[in-house]
Every structure is written in C-alpha cells, then in structure tokens.
Amino acid sequence: MREITLSKAVNEAIAEEMRRDPTVFLLGEDVAEAGTPFKVLSGLVEEFGTERVIDTPISEPGFVGLAVGAAMTGTRPIVDLMFGDFIFLVMDQLCNQAAKTHYMSGGKLNVPMVLRTNMGATRRSAAQHSQSLHALVAHIPGLKVAMPSSAYEAKGLMKTAIRDNNPVVIFEDKLMYQDKAPVPEEEYLIPFGVANIKREGTDITLIATSSMVQVAEKAAEILEKEGISAEVIDPRTIVPLDEETLLKSVRKTSRAIVIDEGHQSYGITGEIASRLTEKAFYHLDAPVMRMGAMDVPVPFSPALEDVTVPTPEGVAANARKLCGGELIHAA
Amino acid sequence: MREITLSKAVNEAIAEEMRRDPTVFLLGEDVAEAGTPFKVLSGLVEEFGTERVIDTPISEPGFVGLAVGAAMTGTRPIVDLMFGDFIFLVMDQLCNQAAKTHYMSGGKLNVPMVLRTNMGATRRSAAQHSQSLHALVAHIPGLKVAMPSSAYEAKGLMKTAIRDNNPVVIFEDKLMYQDKAPVPEEEYLIPFGVANIKREGTDITLIATSSMVQVAEKAAEILEKEGISAEVIDPRTIVPLDEETLLKSVRKTSRAIVIDEGHQSYGITGEIASRLTEKAFYHLDAPVMRMGAMDVPVPFSPALEDVTVPTPEGVAANARKLCGGELIHAA
Amino acid sequence: MSKTNTEDYLRMYTQMVRIRAFEDNANQLYLSAKMPGLTHMYSGQEAVAVGICEALTPEDKITSTHRGHGHCVAKGANFREMFCELLGKEEGYCRGKGGSMHIADQGNGNLGANAIVGGSMGIATGAAMSAKMQKNGRVAVCFFGDGATAQGLWYEVMNMAALWGLPVIYACENNGYSEYTKTEEIAAGSITARAEAFGIESFEVDGQDVLAVNQLTQKLVERCRKGEGPFFMNLKTYRYHGHHVGDINRDYYRAKDEEAEWKTTRDPITNFGKWLESEKIVTTDELVEINEKIRKEAEDAVAYALDAKYPDVSEVDMHVYAA
Amino acid sequence: MSKTNTEDYLRMYTQMVRIRAFEDNANQLYLSAKMPGLTHMYSGQEAVAVGICEALTPEDKITSTHRGHGHCVAKGANFREMFCELLGKEEGYCRGKGGSMHIADQGNGNLGANAIVGGSMGIATGAAMSAKMQKNGRVAVCFFGDGATAQGLWYEVMNMAALWGLPVIYACENNGYSEYTKTEEIAAGSITARAEAFGIESFEVDGQDVLAVNQLTQKLVERCRKGEGPFFMNLKTYRYHGHHVGDINRDYYRAKDEEAEWKTTRDPITNFGKWLESEKIVTTDELVEINEKIRKEAEDAVAYALDAKYPDVSEVDMHVYAA
Ligand SMILES: Cc1ncc(C[n+]2csc(CCOP(=O)(O)OP(=O)(O)O)c2C)c(N)n1
Ligand SMILES: Cc1ncc(C[n+]2csc(CCOP(=O)(O)OP(=O)(O)O)c2C)c(N)n1
Ligand SMILES: [Mg+2]
Ligand SMILES: [Mg+2]
C-alpha cells in the first residue's frame with residue numbers, strides 16, 4: 001500500500017469531503033495561499049477557491065463563533081486552530097455554545113462543525129505552543145474528541161468528523177505531520193468509538209493516545225526482547241470511548257498502563273484508568289498505571305523539555321515493574 | 001460560636017484582608033454598589049471606596065488580563081467572575097498567562113491573584129449558568145484550586161488564597177451562599193492542601209467536594225441508621241491535593257466513593273480515584289467508586305435537572321452495595 | 001406617511017401588545033413562584049423586536065439574548081410553546097431543556113436566546129456567512145444590549161463581517177443599563193463610532209418608535225440582500241422592570257422618576273396606538289378588542305402550560321449528541 | 001532639531017545597532033542549527049523599540065510579543081543573558097524556561113514576550129492600573145503588531161483604560177503583515193479610528209524614524225504621568241526577514257521589490273546614521289567604531305552562551321508555584 005504523511009492524509013480527507021459535499025468549507029488563519037504554517041492545507045485553495053478556503057483575521061473566538069453559526073444554518077465548517085494552546089481562547093464558543101446548542105434547543109438545532117488543532121511537546125516551542133489540551137474538551141458533554149495516531153487514522157477520523165452532525169475536536173500531533181504510514185487509495189472512514197489494537201499481547205495492556213501510540217509500540221518492542229508480551233491499544237477517540245475493547249484486553253492481561261501527552265493530573269489518564277478499574281477490578285493484578293506529561297508548563301530548554309513527556313524507556317521500565325510484581329506505589 | 005452565612009464569610013475574609021493589606025483590591029461586574037447579584041460583596045465599596053472595589057464593563061477576558069498585569073506589578077487583585085460558566089471566556093488569560101508566568105520567567109515574576117467564582121446546578125439556571133468547571137483549571141499546572149464546603153472553609157480558604165503568591169481559583173457553590181455555619185470571630189486561615197475529616201467512620205470513605213460534602217454527610221446519616229459507618233472527607237483544595245489524609249482513610253476503610261458536582265467523565269473524580277487506587281490498591285475491597293454530575297449539559301426543567309447531580313440517597317445506595325460486597329460493575 | 005399599510009401596522013401593534021402580555025404573565029408566574037429559575041423582562045423594548053422582526057421573513061435568522069422573550073414572540077412564536085418552555089414542560093420549544101434564557105422558536109429562524117452576554121455575536125455573523133455562501137438571500141439580525149458591546153467578540157466578528165460583506169445587522173438595544181450599572185459608566189467613547197471604525201455603516205434610531213425602526217430595518221435588509229451589508233443599528237430604548245424579575249429595589253442605580261418618565265411619555269405601545277387612532281387607522285374600540293383578545297390568548301396559554309406535563313426523566317440524556 | 005542631545009542620539013543609534021546585531025547572530029544560530037525551536041526576527045523595526053524605550057525609565061513597564069528580542073534589548077537587557085535564554089541555558093533571563101518567545105529582562109521592567117498574539121494587552125493595561133493605584137508615576141507600554149488588532153481583548157482593555165484614565169500607551173507596530181498575509185486583507189476600516197472610538201487620543205507615526213518615535217513617546221509618557229493617558233500609537237514599520245526564521249520563500253505573499261525598497265530607502269539605522277553624520281554629531285569613523293564594538297560584543301556573548309551550561313534537570317519542576 002502507498003505510504004503518505006499524516007499531513008497529506010489530513011489534506012486528502014478534507015479535499016475528498018469538500019468534493020463530495022459543497023457545504024463543507026475551511027476557515028482559519030493562513031489556511032489559503034499559505035496552507036497553514038505546517039503546510040497541511042497546501043493546494044486546497046487552488047482547488048476550492050477562496051470562497052471555501054477562507055483566511056481569517058487573528059480572531060480565534062470570532063471565527064469559531066462564525067463556524068458555530070454557519071454550522072447551525074446549513075453548512076459544515078472545518079475550523080483550523082493553528083496551535084492547540086489557542087483552544088483556551090475559544091472555549092466559550094466551543095463549550096458554552098457549540099457543545100450545548102443541540103441539547104438546549106431540545107434537539108432542534110445541530111452544530112456539525114470540526115475544530116482541527118494540534119498538540120504535542122518537544123518541539124522547543126515553550127509553554128504556550130506545546131500543550132496537549134484534549135482533556136479540557138473531553139470533559140464537556142456535547143463535544144466529540146478524536147486523537148489520530150497515524151496518517152491512516154488522521155484520514156479516516158477526519159472524514160468521519162466532517163460527516164458527524166456534532167461539534168468534533170481533532171487533535172493532531174504536530175510532531176507527526178511528516179510521519180508516513182500506509183493509507184489506502186480507496187475511500188474509507190474510521191467510526192468513532194472504536195479502539196484499534198495496534199499490537200496483540202498477553203502480559204500487559206498499553207493504552208496510548210496520539211503520538212504516545214508510537215511510544216507504546218517502541219516500549220512493546222523493548223519488552224518483547226525481555227520476554228514480556230505487551231498489547232498496544234489506541235482508543236482513537238476519547239469521546240466516545242470504546243470501553244469494551246480496552247476492558248477485554250485488561251481482563252486478559254491483568255495489568256495496564258495508560259499513556260497520554262496531556263498533563264497527568266486531572267487529565268484523561270485518570271478517567272480511563274478509573275473506568276478500567278471500576279469494571280475489571282477483580283481481574284487486575286496491580287493498579288492501572290498512568291503516565292501523562294509532567295504537571296509543569298512546558299519548558300523551552302531542550303534539557304528540560306524532553307523529560308516532561310513519557311518515553312519508550314520509561315514505559316518499558318514501568319511495564320517491567322508491573323509484570324515483575326513490584327508493587328510500585330502500593331503501600 | 002456565632003453562625004454566619006457562606007456569603008458573609010467570604011465578605012469578611014475579603015474585608016479583613018483588604019484592611020490588612022492595602023495592595024488587595026476587588027475587580028468585577030457590579031461588585032461595588034450592587035455588591036454582585038448574589039450580594040456577597042455588599043458593604044465593601046462603602047468601606048474601601050471605588051478605587052479598591054471596581055465595577056468593570058462586561059469584559060471577562062479583559063479584566064482578568066488586567067488582574068494578571070496588576071498582580072505582576074505589586075498589587076493583589078481579587079477578580080469576581082459572576083458565574084463559573086464564564087470561566088470559558090477567561091481561560092487564555094488564566095491558563096496561558098497567569099498560570100505560566102512564574103515558570104516561563106524562570107521564577108522572576110509572580111502572579112498573586114485570586115479568581116473567585118461559583119459552581120453548582122439545581123438553581124434552574126440552565127446549561128450556561130449551572131456548570132461546575134473546576135476540573136478544567138485543576139488540570140493546568142501553576143493554578144491552585146480551592147472548593148469551600150461551608151462558611152468556615154469559605155473564609156479560611158479565601159484568606160489563604162489572597163495571601164498566596166500564585167493564581168488561585170476559588171469555586172463557591174452558589175446554592176450555599178445562605179447556608180450558615182459556625183465561624184470564629186478570631187482570625188484564622190486554612191492552609192491549602194490539608195483535607196478535613198468531617199466525620200469519622202470505619203466502613204467506607206466518602207470523599208466529597210464543595211456542596212457534595214453535605215450530600216455525603218446526609219448519606220452518612222442514612223447509613224449510620226443501617227449500621228454502616230462512613231467517614232466523610234473534604235479535600236478543601238484539589239490543587240494541591242492532600243493525598244495522605246485520603247489514603248490513610250481508604251487504607252482503613254478499604255472502600256471509597258468520590259463525589260463531585262462536575263461532570264463525571266474526564267472530571268476530578270477519575271484523578272482522585274486513580275491516586276487512591278495506585279497507592280492503596282492492595283487495601284481495597286472494591287474499586288473506588290465515582291459519582292459526578294451526569295455527562296449532559298445542565299437542563300433547565302426541574303424534572304430533569306435534579307437527576308443530574310448526586311443525592312444523599314444515591315450515595316447511600318452505592319455505599320450499601322460496596323459495603324455489602326456487591327461487585328457493582330466488576331465483571 | 002402612507003396609510004395603505006393598515007395590515008402591517010396592525011400586526012406591529014398586535015405583536016407589541018403580545019410581547020407585553022407575555023411578559024406580564026411571565027412576571028406573574030415568577031412572582032407567584034410558579035416559574036422556576038429567573039427571567040429578564042422585555043417590557044418597554046417592544047418596538048425594537050417588532051420593528052425589526054416585521055422586516056424579516058421566517059427564513060431570515062435572528063440571535064437573541066438573556067432578555068429574549070420579545071425577540072421570540074416578534075419572530076413568530078406561539079404563546080403555548082413559549083410558556084411551556086418557561087415552565088420546563090415537554091411541549092416547550094426546547095422540550096423544557098432551555099428555559100427562559102434559551103428560548104427559541106427555531107422553526108421561525110430564531111437561533112436561540114443566549115445566557116452569555118454577547119455570546120451569539122459570532123453565531124449571527126456565521127449565519128450571515130452561510131447565507132452568503134449558499135446564496136439564499138437570507139439576512140441575520142444579531143440582537144444584543146449596550147452592555148454587550150464591552151465583549152471583545154463583537155469587534156472580532158464586525159471585522160470579519162465588514163471584510164467579507166456579510167448580510168448581518170447588529171442591533172444594539174441600548175436601554176442604558178447593564179444589570180445594575182448605567183452603561184455610560186462602563187462604556188468609553190462612542191458605541192456607534194466603534195462600529196463605524198470597522199467601515200460599517202451605522203445608524204442611531206429611536207427604539208421606542210416602531211415605525212422608525214421598521215422602516216430603517218426594511219431598507220437595511222434590502223441592502224443586505226443586495227450584498228451591501230453589514231450594518232449597525234444603535235436603538236435607544238428602555239427596560240421597564242428590573243434587570244431580572246427579582247431586581248425590585250433599584251433606586252440605588254436608577255431613579256423612579258426616570259422610569260416614570262419613560263413609561264408615561266415614551267411607551268412604544270401607547271404612542272403607536274395613539275398614532276393609529278389619530279391617523280384613523282383604528283378606533284379606540286378596535287384597540288381595546290385587540291388587547292382583550294391577546295390578554296385572553298395569554299391567559300389560556302398560561303393555563304395550558306401550567307397543566308402540561310414535564311418531560312419524562314428519560315429525556316435527560318437525550319439530545320446531548322445529534323444522530 | 002536641537003543638537004545638545006548628542007548622548008541620547010548616540011545611545012539610540014547604538015541600541016538600534018545592538019538589536020540588528022543580536023538578530024543577525026540569532027538568525028545565524030538558527031540557520032546553523034545551534035538554536036532550538038523557532039524565532040521571529042525584529043530587524044527593520046528597531047526605531048520603534050528604541051524610540052519608545054528610550055523615553056522610559058527602568059521602572060516603567062513594557063509588554064512584548066513573539067517578535068520580542070528588539071523590545072528586550074531596547075529596554076536594557078544584556079546580550080549574554082539573552083543568548084543564553086535563546087539557547088535554553090541556565091544563565092538565561094528565564095533560566096532557559098522561556099526561550100525566544102518569552103524572553104524578558106524582568107529587572108528592567110520587561111513583563112515578558114508573549115506567544116499568544118495580543119495576549120499581553122491585558123497585562124500591560126493591568127500594570128498601568130496598578131501604577132495608578134500605587135501612585136508611583138509609572139507608565140506601561142504595550143507593544144503589539146497590526147495583526148494583533150484583530151483580537152477582541154484589545155477593545156475590552158482599551159475601554160477600561162479609557163474609562164479609568166490609565167497610564168498605558170498602546171504601540172501598534174504596523175509592519176503590514178500578519179504571518180503570510182497582508183494585514184489590509186484582514187483588517188477592515190481604520191485601526192486608528194478603532195482606538196479613537198473609545199475616546200483614546202491616537203497618533204500615526206513613521207516607525208522608521210527613531211527621533212519622531214522618541215519625541216512623540218516622550219510627550220505621551222509625560223502626559224501619562226500627569227494622568228492624561230491612555231494613548232494609541234500606530235507606527236508604520238517593516239520586518240526585513242520572514243515571519244519566522246524558517247519563512248524563506250515568501251514571494252507568494254510579499255514582493256521582493258517591496259522588501260528591497262524598504263531596506264534600501266527606509267532603513268532606520270542607515271538613515272539615522274546618515275542624519276547623525278550630516279548634522280555633524282558623529283563622524284563616519286565613530287559610527288564604524290560603534291558597529292565594530294557591538295559586533296564584537298555580540299560574538300562574545302554568542303560564544304559565551306554556546307558554552308554555558310543547561311539547567312540541571314531537577315529544575316524542571318521548579319517555578320511551577322511561587323513560594
Ligand atoms: C459573559 C457574561 N457576563 C456577564 C453576564 C451576567 N449578565 C447578564 S445580563 C448582564 C447585563 C447585560 O447588559 P446589556 O447587554 O445591556 O443587556 P440588558 O440586560 O440591558 O438587556 C450581565 C452582566 C452574562 N450573562 N454573561
Ligand atoms: C492567539 C494567537 N493566534 C495566532 C498565533 C500565530 N501567530 C503568531 S505571530 C502571528 C502574526 C502576528 O501578526 P502581527 O500581530 O502583525 O505581528 P508581526 O508578526 O507582524 O510582528 C500569528 C498569526 C498566535 N501566536 N497567537
Ligand atoms: Mg442594557
Ligand atoms: Mg504585523
């Protein structure tokens with residue numbers, strides 16, 4: 001199968017959906033001629049014109065608001081939010097308006113919009129351009145949240161998001177834009193709420209989101225050499241969350257680590273670990289472990305930044321302890 | 001001891017600190033003559049004047065931004081955010097600016113400000129005036145988060161918050177403003193990160209925040225009649241979190257329910273439950289249970305709204321199951 | 001003034017009276033503790049909602065505010081579904097999920113009342129954007145108060161509306177107050193100049209004069225449909241009640257005399273009624289009859305709504321996500 | 001033009017050259033892959049930062065932007081600590097935690113560069129508010145770009161600054177571009193009129209003329225100290241490099257000719273140097289000497305910073321909370 005970059009996969013998904021449905025359009029800063037600073041959208045304005053690929057002023061709350069109104073009235077906007085850190089600026093329009101409109105109207109109004117943005121540290125971009133803020137939106141009922149872990153997921157999830165009748169937030173890892181993966185030429189969609197077992201294993205389950213899937217896979221390789229068989233699962237969407245697939249795995253392996261690049265405290269790892277613990281408690285040999293990013297603003301210095309996020313070695317070390325029966329924190 | 005309302009307690013705390021420290025000032029919509037819609041700040045403008053009790057335009061991001069700058073340059077602003085739901089509007093100034101300034105400046109700049117706002121449903125205020133959004137700010141390193149559960153806590157935590165050199169967010173439950181509790185005449189402060197054992201017990205630990213402490217206490221009364229002894233603990237601040245006190249209790253009782261009025265999914269219950277599970281796993285007889293608000297926008301209709309939040313009966317029912325050895329979700 | 005528009009005039013009069021009657025009943029429901037939550041009365045501002053909405057078709061969109069009953073009635077809503085919504089009943093426009101602050105007759109182009117001050121400014125502008133993209137000739141009107149002009153969002157969306165020539169009309173209901181504060185104390189410079197600075201053609205209008213409002217709106221709507229939008233209207237008006245129903249003792253921020261003055265000399269309904277009589281468009285008896293009929297309609301709707309059933313508790317987690 | 005200010009003129013010239021030298025070295029560090037992350041060059045805009053900051057005392061505050069090296073130098077920072085910061089070293093002004101986008105010499109009143117466009121508008125206004133409350137006579141200058149005027153926050157804080165007469169100067173560095181877009185394509189109406197609509201006295205200035213900038217700022221600072229603020233300055237200027245260091249092929253949004261034109265005819269350093277010579281304030285040799293000295297200073301600082309050590313990894317969770 002051909003291999004394409006995550007960037008190209010997103011571009012294809014949007015182009016295909018824009019061809020299919022004339023009500024789909026793109027909105028954001030420097031999305032047209034520039035194709036975004038990451039060049040993810042290059043070429044789209046040439047095909048679809050400036051009426052459907054629209055450069056906005058630097059007004060994040062404003063253009064997200066516009067998207068909500070446009071979505072309520074017959075179109076399907078895709079909003080490009082240049083950095084995930086800017087989501088703080090648009091929370092009101094996203095969480096007080098987009099997320100609640102369908103419910104508050106008793107089901108009469110829909111907001112079929114996509115907010116695509118990014119996440120991911122270690123790019124030396126410091127505290128305001130490196131955050132992974134998916135936990136915030138996952139907490140708000142009415143929003144769906146997708147976290148593609150490769151070009152394949154990026155394309156399939158984006159297409160599903162565009163066709164969804166609800167506001168969907170997609171977090172792409174900006175470190176992965178140039179990563180290639182096999183992506184079929186033929187059309188496909190990836191349904192929301194269906195986790196992907198990236199690698200089968202029997203001793204421990206590694207549940208990982210976005211780029212942490214690669215980290216988990218590398219950890220699994222390390223562990224394999226030591227005779228530990230790790231199962232790697234990518235939930236793909238955290239809202240809705242495919243609990244069943246995760247539970248099935250954990251019931252089989254009896255041990256799990258949840259790995260995510262958001263800050264660990266009050267982030268998504270606690271939720272996933274809790275759901276597993278609640279429903280598979282008596283299958284567990286050890287508490288479900290969590291590895292999130294450190295609870296610090298992301299530092300600029302390379303000497304500091306790299307230690308803030310989970311690494312394959314760190315995951316492998318923890319897996320080793322869990323499988324070796326070491327009772328990590330447990331008193 | 002005299003009893004005063006939570007509203008009065010907050011008022012006293014602020015007045016005392018404003019008397020003590022001339023750099024403390026208040027900022028927000030209708031805080032002066034009107035004393036806020038909840039009348040919590042009544043009388044302060046009369047004592048401190050309009051130079052220190054300042055009515056703002058309806059510009060939440062703007063006046064939170066002003067507070068950040070004022071806090072960086074020698075004053076201690078207390079920002080009044082009329083409804084907790086408006087925190088979505090100020091997330092950038094709070095989370096990208098206030099929370100990160102100390103860190104990004106390598107410790108050179110401080111942001112000693114307090115954001116006081118509220119939470120709590122069942123006031124028939126519908127989806128945009130009823131949210132409990134403390135999980136969002138608890139996720140952001142650099143912010144401290146306090147959740148007073150009575151007039152006593154409201155006063156002591158507010159005074160500590162005002163003296164803290166970091167941005168602190170305080171969530172008051174708007175349903176509790178008229179609730180009275182014993183509050184000493186003498187000055188006292190409640191340190192952050194110290195949980196309060198509201199009621200001792202041996203069979204199960206009920207960890208509850210804000211108004212859910214009352215719910216837990218009522219549940220404990222119900223349970224007592226049935227011979228189940230529940231310990232009720234109020235963490236008082238969720239950042240920092242007093243893990244030790246919670247762990248000690250759970251190690252003793254072997255069972256716990258975490259009760260909170262934020263949405264359950266990706267909220268604070270998952271974090272607290274996970275920390276307990278990680279560190280007291282082998283003491284647990286059953287998974288730590290969680291009871292948050294339903295994952296729905298808060299509905300207006302009384303017929304619907306009341307079922308969205310935990311109740312004493314609901315808590316008691318779950319505690320009964322846990323203590324009776326029923327393996328609720330566990331497969 | 002042409003007198004061939006009798007029907008239009010009567011409809012405007014009727015709609016204003018309907019709003020007043022709706023609010024009087026809502027206020028009563030609240031005061032008698034039959035209505036849950038809290039609500040903000042539109043009384044006094046009727047000429048704004050009616051003057052504007054009468055210039056729109058049901059396909060044109062509006063966005064509304066926390067003080068939204070008036071817009072909802074003016075855009076064509078029925079009393080029954082409205083009172084049901086206010087009481088949290090299943091037959092309400094939002095199945096009881098929205099209540100007073102989110103009331104909307106969505107079928108008539110009302111995109112919803114909003115409890116976030118200024119929160120719908122983007123939505124209205126986005127509705128105009130999608131109208132332009134879909135070339136369906138629709139116009140969007142964004143209602144908001146003078147206090148809402150302090151929200152940064154307005155400047156962001158005005159900029160985009162102006163850049164892209166969107167068919168949106170920003171209608172500022174300038175009632176002089178933001179909650180318990182005179183807006184002049186919290187608004188620097190000139191609100192109208194702020195819109196003009198974005199190159200937006202702006203108008204100051206007497207918001208108590210339903211004909212003035214209507215005639216201006218008709219012109220602007222037509223120009224919007226031709227691609228000449230956006231526009232800004234600064235409509236001077238007044239709210240008769242407190243900021244919300246519980247805001248009773250308001251001497252500390254608003255003089256009783258001022259209230260009396262507006263009510264006695266500038267009431268939009270009284271004055272329009274007088275004009276209709278003086279122009280011999282209607283007789284006093286006809287006006288009384290209209291008022292009487294509406295009073296009855298409102299009472300019936302209240303009774304109906306009080307009796308109507310609440311949504312089943314199973315509805316609580318319906319409508320979180322659309323299918 | 002008085003010639004008694006030789007010392008001031010030379011300092012302004014020197015500071016502009018220092019900024020240019022700093023940026024040339026930073027650019028080199030980036031291109032040779034010795035500098036982590038990305039950075040935005042200030043070259044071309046030197047007269048703005050220097051003209052303004054020379055009118056301030058170290059106690060006066062500024063807030064800076066993603067394009068912040070120039071402000072930092074102009075407010076009095078040293079090269080060593082700045083290069084250390086750019087390279088993430090322990091001796092950097094922020095102990096390596098901030099980097100290019102958060103660089104600040106806090107001790108000289110710089111409240112920080114900001115990676116959120118417009119993100120510091122509230123901070124600067126708040127600094128002015130606290131100056132007013134503390135009656136310490138300090139002034140705050142808020143630097144931001146033309147693109148940042150699209151952020152709603154600006155309108156919110158201008159309103160409050162105007163209402164309360166705060167000693168803040170909003171300095172818009174109007175370099176004509178927002179990233180890869182001409183700002184005129186994304187800004188409707190008039191930026192200056194937007195500030196004026198809030199009743200803020202506003203000025204349009206040639207941002208390439210350091211004396212014009214400095215003289216106006218001196219006046220406004222003095223008036224701020226007397227309680228006559230706030231003010232707005234719209235400073236026409238130009239950035240020489242791409243939006244960020246990696247923005248090399250920019251023909252699609254900006255003509256080479258335009259760049260050449262600004263660089264050859266409107267360079268703030270060249271032109272000021274020529275003027276200093278023509279007014280016989282300095283000789284050519286003296287200018288060469290100044291440039292040479294600064295070149296050396298910058299190179300030394302770069303060498304120092306390259307050798308300096310990284311913060312210990314234990315610092316990663318220091319400074320999350322203040323004691
Ligand atoms: C973002 C936000 N801030 C504050 C409030 C509280 N609030 C409700 S109405 C109101 C005053 C609004 O004034 P204006 O826009 O003039 O409308 P009016 O009430 O006069 O119709 C305020 C401050 C809110 N609902 N939303
Ligand atoms: C809130 C926010 N939106 C978008 C960006 C990305 N961005 C960084 S600089 C920039 C352009 C800023 O233009 P201007 O304000 O004119 O400053 P200049 O770069 O020209 O100095 C943009 C869009 C950002 N950093 N913050
Ligand atoms: Mg008003
Ligand atoms: Mg610019």
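Labels below follow one simple rule: chain letters A, B, ... track the order of the sequence lines, proteins then strands, and each chain is numbered from 1.
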Looking at [options], which makes the most heavy-atom pairs under 4.5 Å with chain A?
options                                : value
C:Ala128, C:Ala127, C:Ala140           : C:Ala127
C:Lys61, C:Met133, C:Glu85             : C:Met133
C:Pro311, C:Ser120, C:Gly119, C:Ala104 : C:Gly119

Give the minimum heavy-atom separation between [X] and [Y], together with the two atoms involved.
X        : Y        : result
A:Asn166 : C:Val320 : OD1-O, 4.4 Å
C:Ala322 : A:Asn110 : CB-OD1, 3.6 Å
A:Gly74  : C:Gln134 : O-OE1, 3.6 Å
C:Gly126 : A:Thr73  : O-OG1, 4.4 Å

Quick one: of [options], who has the most non-hydrogen atom pairs under 4.5 Å with chain C?
options                               : result
A:Gly65, A:Ala98, A:Ala67             : A:Gly65
A:Lys100, A:Arg52, A:Gln93            : A:Gln93
A:Ile58, A:Val111, A:Asp92            : A:Asp92
A:Val64, A:Thr101, A:Leu143, A:Asp164 : A:Leu143

[atom1]-[atom2] distance between [X] and [Y], expressed to the nearest 0.5 angstrom:
X        : Y        : atom1 : atom2 : value
C:Leu163 : A:Ile54  : CG    : CD1   : 11.5 Å
C:Asp317 : A:Tyr103 : CG    : OH    : 7.5 Å
C:Ile116 : A:Asn96  : CD1   : CG    : 4.0 Å
C:Asn114 : A:Gln97  : CG    : CD    : 4.0 Å
C:Ile103 : A:Ser105 : CD1   : OG    : 13.0 Å
A:Met104 : C:Cys94  : CE    : SG    : 8.5 Å

Checking side-chain contact (heavy atoms from CB on, under 4.5 Å) for the pair A:His102/C:His319: CA distance, chi angles, key distance, verdict?
CA-CA 6 Å; A:His102 187 65; C:His319 306 132; 4.0 Å; yes
Does any backbone or side-chain atom of [X] lie under 4.5 Å from a heavy atom of chain A? Answer side chain, backbone, both or neither.
X        : value
C:Leu111 : both
C:Met158 : neither
C:Trp164 : side chain
C:Ala323 : backbone
C:Asn136 : neither
C:Val316 : both

Are there over 12 heavy-atom neighbours, none belonging to A:Glu187, within less than 6.0 Å of that residue's CD?
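Buried by this count: over 12 neighbours within 6.0 Å.
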Are more than 12 heavy atoms, taken from residues, nucleotides or ligands other than C:Lys34, located less than 6.0 Å from that residue's NZ atom?
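No, because the 6.0 Å sphere around NZ of C:Lys34 holds 12 heavy atoms or fewer from other groups.
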C:Tyr321 side chain vs A:Lys144 backbone, donor-acceptor pair below 3.5 Å
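Side chain of C:Tyr321 to backbone of A:Lys144: no pair is present.
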Are the side chain of A:Lys108 and the backbone N or O of C:Tyr93 linked by a donor-acceptor pair below 3.5 Å?
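Indeed, once roles are kept as given, a pair shorter than 3.5 Å links the two residues.
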Would you check if A:Pro57 and C:Met160 make a side-chain contact, meaning some heavy-atom pair closer than 4.5 Å?
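Of all side-chain heavy-atom pairs linking C:Met160 with A:Pro57, at least one is under 4.5 Å.
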Go through the atoms of A:Val90 and report whether side chain, backbone, both or neither lie under 4.5 Å from a heavy atom of chain C.
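It is neither, since no heavy atom gets under 4.5 Å.
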Test of understanding: with salt bridge (Lys or Arg N to Asp or Glu O under 4.0 Å), list the residues that count as partners of A:Arg19, not counting sequence neighbours.
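Partners of A:Arg19 under the salt bridge (Lys or Arg N to Asp or Glu O under 4.0 Å) test: A:Glu47.
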Decide yes or no on side-chain contact (heavy atoms from CB on, under 4.5 Å) for C:Met129 and A:Leu27, but give the supporting numbers first.
CA-CA 11 Å; C:Met129 187 182 192; A:Leu27 191 69; 3.4 Å; yes
